[in-house]
Protein chains: 6
Amino acid sequence: MAVVVQNIRRADAALAGAFAEFGVATTHEAQGRTGLLAPHLTPIWPGAQISGTAVTVSVPPGDNWMIHVAVEQCRDGDVLVVSPTSRCEDGYFGELLATALQARGVRGLVIEAGCRDVRELTAMGFPVWSRCVSAAGTVKEVLGDVNVPVVCGGQLIRPGDVVVADDDGVAVVPRRDAATVLDACRARAGTEAASRTHYAAGELSLDLNHMREKLADRGLRYVDAAEYDAEHED
Amino acid sequence: MAVVVQNIRRADAALAGAFAEFGVATTHEAQGRTGLLAPHLTPIWPGAQISGTAVTVSVPPGDNWMIHVAVEQCRDGDVLVVSPTSRCEDGYFGELLATALQARGVRGLVIEAGCRDVRELTAMGFPVWSRCVSAAGTVKEVLGDVNVPVVCGGQLIRPGDVVVADDDGVAVVPRRDAATVLDACRARAGTEAASRTHYAAGELSLDLNHMREKLADRGLRYVDAAEYDAEHED
Amino acid sequence: MAVVVQNIRRADAALAGAFAEFGVATTHEAQGRTGLLAPHLTPIWPGAQISGTAVTVSVPPGDNWMIHVAVEQCRDGDVLVVSPTSRCEDGYFGELLATALQARGVRGLVIEAGCRDVRELTAMGFPVWSRCVSAAGTVKEVLGDVNVPVVCGGQLIRPGDVVVADDDGVAVVPRRDAATVLDACRARAGTEAASRTHYAAGELSLDLNHMREKLADRGLRYVDAAEYDAEHED
Amino acid sequence: MAVVVQNIRRADAALAGAFAEFGVATTHEAQGRTGLLAPHLTPIWPGAQISGTAVTVSVPPGDNWMIHVAVEQCRDGDVLVVSPTSRCEDGYFGELLATALQARGVRGLVIEAGCRDVRELTAMGFPVWSRCVSAAGTVKEVLGDVNVPVVCGGQLIRPGDVVVADDDGVAVVPRRDAATVLDACRARAGTEAASRTHYAAGELSLDLNHMREKLADRGLRYVDAAEYDAEHED
Amino acid sequence: MAVVVQNIRRADAALAGAFAEFGVATTHEAQGRTGLLAPHLTPIWPGAQISGTAVTVSVPPGDNWMIHVAVEQCRDGDVLVVSPTSRCEDGYFGELLATALQARGVRGLVIEAGCRDVRELTAMGFPVWSRCVSAAGTVKEVLGDVNVPVVCGGQLIRPGDVVVADDDGVAVVPRRDAATVLDACRARAGTEAASRTHYAAGELSLDLNHMREKLADRGLRYVDAAEYDAEHED
Amino acid sequence: MAVVVQNIRRADAALAGAFAEFGVATTHEAQGRTGLLAPHLTPIWPGAQISGTAVTVSVPPGDNWMIHVAVEQCRDGDVLVVSPTSRCEDGYFGELLATALQARGVRGLVIEAGCRDVRELTAMGFPVWSRCVSAAGTVKEVLGDVNVPVVCGGQLIRPGDVVVADDDGVAVVPRRDAATVLDACRARAGTEAASRTHYAAGELSLDLNHMREKLADRGLRYVDAAEYDAEHED
């Protein structure tokens with residue numbers, strides 16, 4: 001049953017790489033608030049902001065053999081995505097695998113499990129988003145799959161999809177939506193820049209976005225503290 | 001039912017701001033070990049140490065509309081406190097709202113939910129204490145309340161109370177206790193400085209605080225390892 | 001029943017200190033993938049890498065009295081290990097106790113509970129691995145034990161054992177195994193350096209470690225994406 | 001600082017008792033979706049459905065002394081509410097305290113901590129809603145407070161408030177709102193009975209509550225599976 | 001973007017229903033140890049064992065509007081599967097919706113969120129597998145999707161797939177694999193019955209499954225306790 | 001390194017079995033509030049109350065091979081104790097292994113991982129205390145150890161120790177302390193019976209245990225609600 005799928009179709013490399021500039025929050029919003037991985041996947045060091053094409057790995061609990069198999073399937077501009085078949089916090093990944101991946105141009109790792117060698121990975125500048133940091137060693141006995149669809153952080157990720165990751169977490173963009181979503185990112189970034197200027201000048205979103213009427217329609221009431229306290233006096 | 005309470009009574013601004021110097025642990029101890037928010041509220045970047053007056057917001061799950069409403073109620077020296085009506089990890093807050101708050105002199109945010117744009121908030125120097133980091137977008141459809149008492153991190157926080165936050169977490173001081181607790185903070189800081197000098201010189205709290213007799217009264221026994229091992233040999 | 005065991009046998013000081021160079025992951029692997037504490041014990045500031053001999057403390061929930069008692073039992077090269085008798089997140093430990101320990105040459109603290117004064121401990125360079133950061137104050141009313149075997153992070157730690165801690169977490173090496181495991185660390189570090197060179201040059205672990213045949217024997221199948229997609233078409 | 005507040009004002013006994021018939025979900029809805037304690041407070045045995053007036057206890061971690069103190073403050077129709085000052089899972093409460101409370105007519109316990117003697121409490125018919133079941137023993141050394149406002153399950157509970165608990169969890173109704181909320185419960189129960197009849201007959205809430213137009217206005221689109229699949233074909 | 005997909009292809013009704021006899025563990029094993037939802041999805045009452053065809057619903061946090069929309073899409077033999085777009089513990093579902101579903105022949109609910117009215121659902125015999133029990137009310141303001149692929153309990157579930165649920169949890173079988181996996185279930189059940197007889201007679205799996213040689217090959221060593229203790233003496 | 005230790009010394013069978021009558025809470029108290037396993041180990045069905053001698057198994061994540069090995073080491077009156085080397089929630093154990101153990105007179109299982117076949121285990125009357133219920137299948141590839149000391153639920157358990165388990169959880173009594181602790185259980189049970197009679201008659205522990213003076217010494221203050229409210233008025 002175990003399979004390594006080769007010659008996957010990847011999102012266009014230039015498109016995939018362009019998401020890094022916009023980051024996770026903008027990407028997630030730009031595709032209609034979808035594609036965000038759960039927040040328990042956190043960066044092991046702050047400041048990295050990457051995007052690339054997913055190579056996916058499904059691994060058994062406590063066994064990192066298939067990550068070794070997956071290295072060969074990676075190429076420049078990829079992001080490795082690893083998910084165990086049941087909850088596991090072991091340290092599947094460390095500096096040696098990172099060295100092998102970095103040599104192939106892989107931009108980072110997203111893993112629904114543990115990672116180790118944090119100091120070395122930080123020094124190498126190899127970013128990892130993981131469930132936890134753990135030095136727990138793994139074995140190489142049981143097969144899994146490479147480049148099959150996996151669920152990671154509660155999102156379906158297919159090989160070749162775009163993965164975006166930064167200090168806010170990780171998002172996935174389906175391969176064929178990459179161009180559309182990237183355009184939407186650009187549009188959103190423009191809008192946000194305009195909003196930022198207004199807000200910095202002390203303007204209110206209540207006014208800029210004409211919220212006051214809708215708030216009143218829904219029944220929002222403004223009261224003075226003295227009045228409120230009197231109503232709620234014991 | 002939704003209400004925005006205006007013109008709240010705030011703790012004195014100078015008092016409220018003075019707690020930052022002492023920080024969370026000292027404030028918590030100084031008011032009799034009360035007022036500490038639960039430790040799952042952690043800073044998104046290290047090193048911030050603030051205090052100010054609470055503006056409170058009660059929000060529905062996945063809806064940040066009332067934070068937009070609350071901005072207008074904030075003024076220089078405030079700290080925004082946001083709590084959802086049921087557990088939620090969405091990213092209610094990011095750099096745009098922070099820009100708006102910073103323009104009004106707000107010192108930081110405490111939120112029993114998620115926060116996003118960590119990189120930008122760090123660059124802006126706007127501190128946030130949150131349950132998690134999450135880019136998950138929210139909607140603007142359901143009302144909540146501004147400046148009503150909320151429970152956040154397991155503590156009751158009323159509008160106008162003093163909120164203190166640093167790398168150790170967050171504490172609240174009831175508005176009318178601010179002066180008393182601040183005095184107690186000063187006294188405690190003095191005592192601790194003295195203790196620090198003694199400890200740095202190698203003196204023991206056992207002696208400084210006369211604990212030995214009380215320990216003996218309670219029945220503490222000193223034994224040699226050889227004796228203990230013999231007793232516990234299998 | 002409460003006892004302070006004195007004059008414990010410690011692992012050789014030079015041996016105990018030598019583990020710091022290798023760190024947690026190597027130590028854990030070198031002793032056959034044993035001795036690793038659970039990953040919820042995390043450093044309060046990044047970059048510390050220590051090893052030393054354990055002085056152990058068993059404390060009641062919410063009571064740090066026995067840590068004060070334990071200070072006197074510590075000496076140069078020790079690492080304090082504290083575990084509560086039931087789950088507790090209170091801030092048992094802060095800068096004053098750290099000052100006292102640092103004055104005695106203690107290298108750090110491992111605590112299955114909370115820690116406070118993160119800013120001050122960071123400034124002092126006193127490293128702590130804890131379950132959480134919490135400013136919650138504790139009392140001094142109930143006895144516990146010093147230098148008895150404790151379970152911390154799911155591992156049995158005996159007084160005098162070697163404790164190793166870094167950004168990856170914490171590991172324990174039984175006292176009498178220290179020399180053997182240290183030798184194994186050195187051997188492993190050599191092997192890893194060689195692997196690193198190969199990987200950096202783009203060689204694959206599949207080839208270096210002769211995995212291909214074993215993978216084929218277990219039934220791993222390589223297929224082309226087009227073929228795989230055709231098989232899985234809906 | 002520790003205090004026992006006596007002669008608290010309780011919600012009217014008949015009102016307080018009448019909520020049991022409606023249960024937690026109806027009560028929570030009837031007061032505008034407020035007052036619900038967090039879902040980690042679960043019943044130790046299924047089927048109990050109670051309501052009564054709160055006697056509150058604030059306890060230190062690992063210390064149940066104040067529960068003993070609180071027994072004397074309880075009377076017929078009360079529900080004891082216990083909350084530790086920091087997270088604790090110890091078994092503060094068992095069959096002996098339940099026997100004492102049952103002798104005074106107390107209807108049950110809500111505790112933000114552990115409970116033990118599940119078998120005996122089940123046999124006695126004494127219901128408990130707790131964070132967990134734990135046999136961990138507690139001490140009697142440190143004071144706390146009886147009949148002060150406490151936060152339990154993320155809700156503020158004042159002595160004399162109405163507490164409602166059943167298989168769905170626990171809710172609190174402020175003392176002075178008891179009559180109003182009880183009326184709302186009755187109204188809601190009537191509406192729900194009508195809805196139940198319609199639904200059992202196969203009618204749809206889409207029609208009964210005229211949702212179709214609003215759904216269309218918001219942009220809901222109905223498509224055939226074949227069409228949808230064609231749109232999403234890879 | 002919100003869509004209701006109609007006229008989905010469902011797994012054959014007889015096939016889908018036949019899995020109930022075998023239950024979750026056998027189904028999961030029979031399809032190669034895949035398709036199991038995470039164990040935090042637990043039954044609200046013990047003893048139910050069902051299978052049927054999935055109708056899926058993607059809902060916003062705190063909003064159950066789309067469940068009302070989904071009722072109309074359900075028919076005899078279905079199982080409703082609901083997943084929020086971000087973590088939520090609210091009580092999306094209770095007895096009124098269950099009444100509506102039961103009237104249409106729906107066999108149960110799987111929900112990655114909260115459920116309420118446990119007592120009534122138990123009395124009705126309507127089974128639910130949920131993340132938690134919570135009475136927290138939800139609103140009807142924000143759209144979602146019906147009959148699109150969802151991730152629930154870490155597994156991808158497509159409309160029309162087979163869902164199996166019992167006291168062990170929940171499993172999903174892809175629609176087109178239903179016949180094959182059902183055959184494998186039958187085969188496995190036969191094998192297990194044979195094993196059960198052997199084990200009940202005191203035979204050992206070590207012998208029945210010829211494990212001894214493989215264990216020895218891997219290096220398993222049998223030692224006497226006296227010998228082991230001597231080796232590990234301190 | 002993997003080892004099966006044979007011919008372990010067990011606590012006396014009659015002693016070991018006698019703890020079941022007293023249960024977990026009494027045993028834990030009787031040995032000085034020690035030996036209690038963490039409360040996340042819960043029974044899969046209510047009402048079982050057992051005690052016996054521990055046969056211990058250390059297993060890799062996701063691999064139950066060593067449980068098969070351990071069956072042969074079990075005999076009448078034993079309780080199997082299984083702990084994975086890193087956190088794992090897989091379903092290591094089900095009805096077939098239970099059948100094999102029951103045939104040998106084993107009284108139950110304590111497992112720091114998942115368990116499956118809850119319905120069948122309940123029907124068989126084979127009790128299990130586990131971290132969770134999960135049908136996740138395991139492999140048989142990697143060795144572990146049988147009858148070595150393990151940490152389970154945060155407690156050290158040695159082969160031959162007494163394990164006690166009931167609806168309150170699990171406790172361990174060191175083999176050589178069995179007789180002493182059993183005596184203490186009997187004494188405690190007597191005392192509790194006396195207390196129960198007093199409490200049922202409405203007497204207060206405050207009086208029976210002469211707590212009032214100690215409470216006053218510590219500074220407990222009794223105030224009237226009216227007075228308290230006046231002090232705390234806003």
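Predicted model, so just to flag it, every value in this text is computed and none were measured. We name chains A, B, ... by the order of the sequence lines, and we start the count at 1 in each one.
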Query raised in the report: By a 4.5 Å heavy-atom criterion (distance strictly below it), what part of D:Ala193 contacts chain E: side chain, backbone, both, or neither?
Result: neither
Query raised in the report: So which part of D:Leu41 gets closer than 4.5 Å to some heavy atom of chain E, the side chain, the backbone, both or neither?
Result: neither
Between [X] and [Y], what is the shortest heavy-atom contact and its length?
X        : Y        : result
D:Leu36  : E:Ala136 : CD2-N, 3.1 Å
E:Gly144 : E:Ala2   : O-CB, 3.2 Å
E:Ile8   : E:Gly160 : CD1-N, 3.8 Å
E:Pro149 : E:Leu156 : CB-CD1, 4.0 Å

Query - Residue among D:Val170, D:Leu220, D:Leu37 with most heavy-atom pairs under 4.5 Å to chain E - result: D:Leu220
**Report entry** Worked check of side-chain contact (heavy atoms from CB on, under 4.5 Å) between D:Phe22 and D:Val164
**Finding:** CA-CA 9 Å; D:Phe22 299 102; D:Val164 191; over 6 Å; no
Requested in this report: Show your reasoning for whether side-chain contact (heavy atoms from CB on, under 4.5 Å) applies to E:Leu101 and E:Phe126.
Outcome: CA-CA 9 Å; E:Leu101 289 177; E:Phe126 190 88; 4.0 Å; yes
Query raised in the report: Which answer fits E:Leu96, side chain, backbone, both or neither, if we ask what part of it has an atom under 4.5 Å from a heavy atom of chain D?
Result: both
Query raised in the report: In Å, rounded to the nearest 0.5 Å, how long is the span from CD1 of E:Ile67 to CG of E:Leu109?
Result: 7.0 Å
Short donor-acceptor separations (under 3.5 Å), chain D to chain E:
residue	atom	partner	partner atom	Å
D:His28	NE2	E:Gly137	N	2.9
D:Glu29	OE2	E:Arg116	NH1	3.0
D:Glu29	OE2	E:Arg116	NH2	2.9
D:Arg33	NH1	E:Thr138	O	3.4
D:Arg33	NH2	E:Thr138	O	3.1
D:Gly47	O	E:Arg119	NH2	2.5
D:Gln49	OE1	E:Arg119	NE	3.0
D:Asp168	OD1	E:Asp117	N	3.0
D:Asp168	OD1	E:Val118	N	2.9
D:Asp168	OD2	E:Asp117	N	2.6
D:Arg196	NE	E:Glu95	OE1	2.8
D:Arg196	NE	E:Glu95	OE2	3.3
D:Arg196	NH2	E:Glu95	OE2	2.7
D:Ser205	OG	E:His68	ND1	2.6
D:Arg212	NH1	E:Glu72	OE1	3.1
D:Arg212	NH1	E:Glu72	OE2	3.4
D:Arg212	NH2	E:Glu72	OE2	2.9
D:Lys214	NZ	E:Lys140	O	3.0
D:Arg218	NH1	E:Glu141	O	2.2
D:Arg218	NH1	E:Glu141	OE1	3.4
D:Arg218	NH2	E:Glu141	OE1	3.0
D:Arg221	N	E:Ala2	O	3.3
D:Arg221	O	E:Val4	N	2.8
D:Val223	N	E:Val4	O	2.9
D:Val223	O	E:Gln6	N	2.7
D:Asp224	OD1	E:Asn7	ND2	2.6
D:Ala225	N	E:Gln6	O	2.8

Query - Stepwise side-chain contact (heavy atoms from CB on, under 4.5 Å) test for D:Ile111 and D:Val128 - result: CA-CA 8 Å; D:Ile111 181 165; D:Val128 176; 4.1 Å; yes
